[in-house]
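In what follows, a structure is listed as structure tokens, so that the remarks can point back to it.
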Amino acid sequence: MKIATWNVNSLNVRMPHLKQWLVEAQPDVVGLQETKLDDPRFPDADIAALGYRSVFCGQKTYNGVALLSRVPAGECVVAIPGFEDEQKRVIAATIDGVRVVNLYVVNGKAVGDPKYDYKLRWLAAVRDWLAEEIRAHPELVVLGDFNIAPDDRDVHDPAAWHGKILCSTPERDALRALLDLGLHDSFRLHQQEAGHFSWWDYRLGGLRRNLGLRIDLVLVSEALRARCAAAGIDREPRTWERPSDHAPAWVTLAR
DNA sequence: ATGGTGGGCGACCCA
């Protein structure tokens, strides 16, 4: 079972990319972020033609998340319980017996910005929610655009990024609090090397100069850890014409 | 040099 995450930065623009990548990568489950489509505009028929069911929770212009799956998704949840939030950033469902939570974590803009405070409050609410989810569903995958680079190996220039947005200690502590629920960064179960990234800024020739961060993660619960056979990042779609600024990240779970 | 590119929308906001 191959499970992936991809921030597509507008599903309208990126449908051709998504199609090509689905054919090539053959994932069983995909969490999408930044679809930027309200629900009536979600292209579920086009995606069904590619062999995937869709559940989705979107809004116009900003945010928007979806889960695509080969088999039907059940028990779908589209908000953090008990947390007032206008922004469509979460969708969870049970697929083939695995609970999958797809997050589009708040970017935060800059340390100290009001959006940064919202990011930390949002992550605290997610932590409380996931504590309940992992209790109810021990076989849990939490994936998405976390907008946090877990440690300095995940940053092209740790000195330049030190303390900055996506790398600050409170953000990393908030991610740590999620991992402390009993989740593992699947990529680091298989790869310890620095310099593997999932996002490159459109500006400054970010991809060409490899000015990247690894902020797109697939976390697996302890109960799934032994089944986690491989993990990786598909850099290639980032090199295609008119790409998303993010690359897909994935994990395969053995039966 | 506090820049730059991209998406969506509608003449700025978000990343």
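Labels below follow one simple rule: chain letters A, B, ... track the order of the sequence lines, proteins then strands, and each chain is numbered from 1.
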I'd like the [atom1] distance from [M] over to [N], given in whole Å.
| N | M | atom1 | value |
| --- | --- | --- | --- |
| dA15(B) | dC9(B) | P | 15 Å |
| dA1(B) | dA11(B) | C1' | 27 Å |
| dC12(B) | dT2(B) | P | 22 Å |
| dG4(B) | dG10(B) | P | 24 Å |

- Query: Just checking, any donor-acceptor pair under 3.5 angstrom between side chains of Gln59(A) and Arg89(A)?
  - Reply: no
- Asn7(A) vs Leu204(A), nearer the 5' end of DNA chain B by closest nucleotide: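 Here Leu204(A) is the residue nearer the 5' end.
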- Message: Can you work out whether Leu11(A) or Arg203(A) has the more 5'-proximal nearest nucleotide on DNA chain B?
- Response: Arg203(A)
Round to a whole Å and report the spacing from [atom1] of [X] to [atom2] of [N].
| X | N | atom1 | atom2 | result |
| --- | --- | --- | --- | --- |
| Leu211(A) | dT5(B) | CG | P | 14 Å |
| Leu32(A) | dG7(B) | CG | C1' | 16 Å |
| Lys109(A) | dC13(B) | NZ | P | 9 Å |
| Leu207(A) | dT5(B) | CG | C1' | 13 Å |
| His17(A) | dG7(B) | NE2 | P | 9 Å |
| Glu34(A) | dC13(B) | CD | P | 18 Å |
| Asn147(A) | dC14(B) | CG | C1' | 11 Å |
| Asn9(A) | dC14(B) | CG | P | 15 Å |

Nearest to side-chain heavy atoms of [X], which nucleotide of [options]:
| X | options | answer |
| --- | --- | --- |
| Tyr62(A) | dC9(B), dC14(B), dT5(B) | dC14(B) |
| Asn107(A) | dC9(B), dA15(B), dT5(B) | dA15(B) |
| Tyr104(A) | dG7(B), dA15(B), dC9(B) | dA15(B) |

Expected list for residues 114-126 of chain A: side-chain donor-acceptor pairs under 3.5 angstrom, two or more places apart:
residue, atom, partner, partner atom, Å
Tyr116(A), OH, Ser168(A), OG, 2.7
Tyr118(A), OH, Asp85(A), OD1, 2.8
Tyr118(A), OH, Asp85(A), OD2, 3.3
Tyr118(A), OH, Gln87(A), OE1, 3.4
Lys119(A), NZ, Asn107(A), O, 2.9
Lys119(A), NZ, Asn147(A), O, 2.6
Lys119(A), NZ, Glu171(A), OE2, 2.5
Trp122(A), NE1, Asp85(A), OD2, 3.0

- Assign the ring pair Phe42(A) / Phe56(A) to parallel, tilted or perpendicular, where the plane angle (0 to 90°) is split at 30° and 60°.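 Phe42(A) vs Phe56(A) ring planes: parallel.
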- Query: Do we get Arg235(A) above Trp200(A)'s six-membered ring, with its NZ or CZ under 6.0 Å from the centre and within 45° of the axis?
  - Reply: yes
- Establish, with yes or no, whether the OP1 or OP2 oxygen of dT5(B) is under 4.0 angstrom from a side-chain nitrogen or oxygen of Arg242(A).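 Indeed not, no polar side-chain atom of Arg242(A) lies that close.
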- Query: Heavy atoms under 4.0 Å, any strand shown: does Arg208(A) hit a base, just sugar-phosphate, or nothing?
  - Reply: nothing
- Message: Considering every strand and a 4.0 Å limit on heavy-atom distances, what is the contact class for Asp201(A): base, sugar-phosphate, or nothing?
- Response: nothing
- Query: If you look at every heavy atom in Ile47(A) and Ser54(A), which pair is closest and at what distance?
  - Reply: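 Here Ile47(A) and Ser54(A) meet closest at CG2-OG, 3.4 Å.
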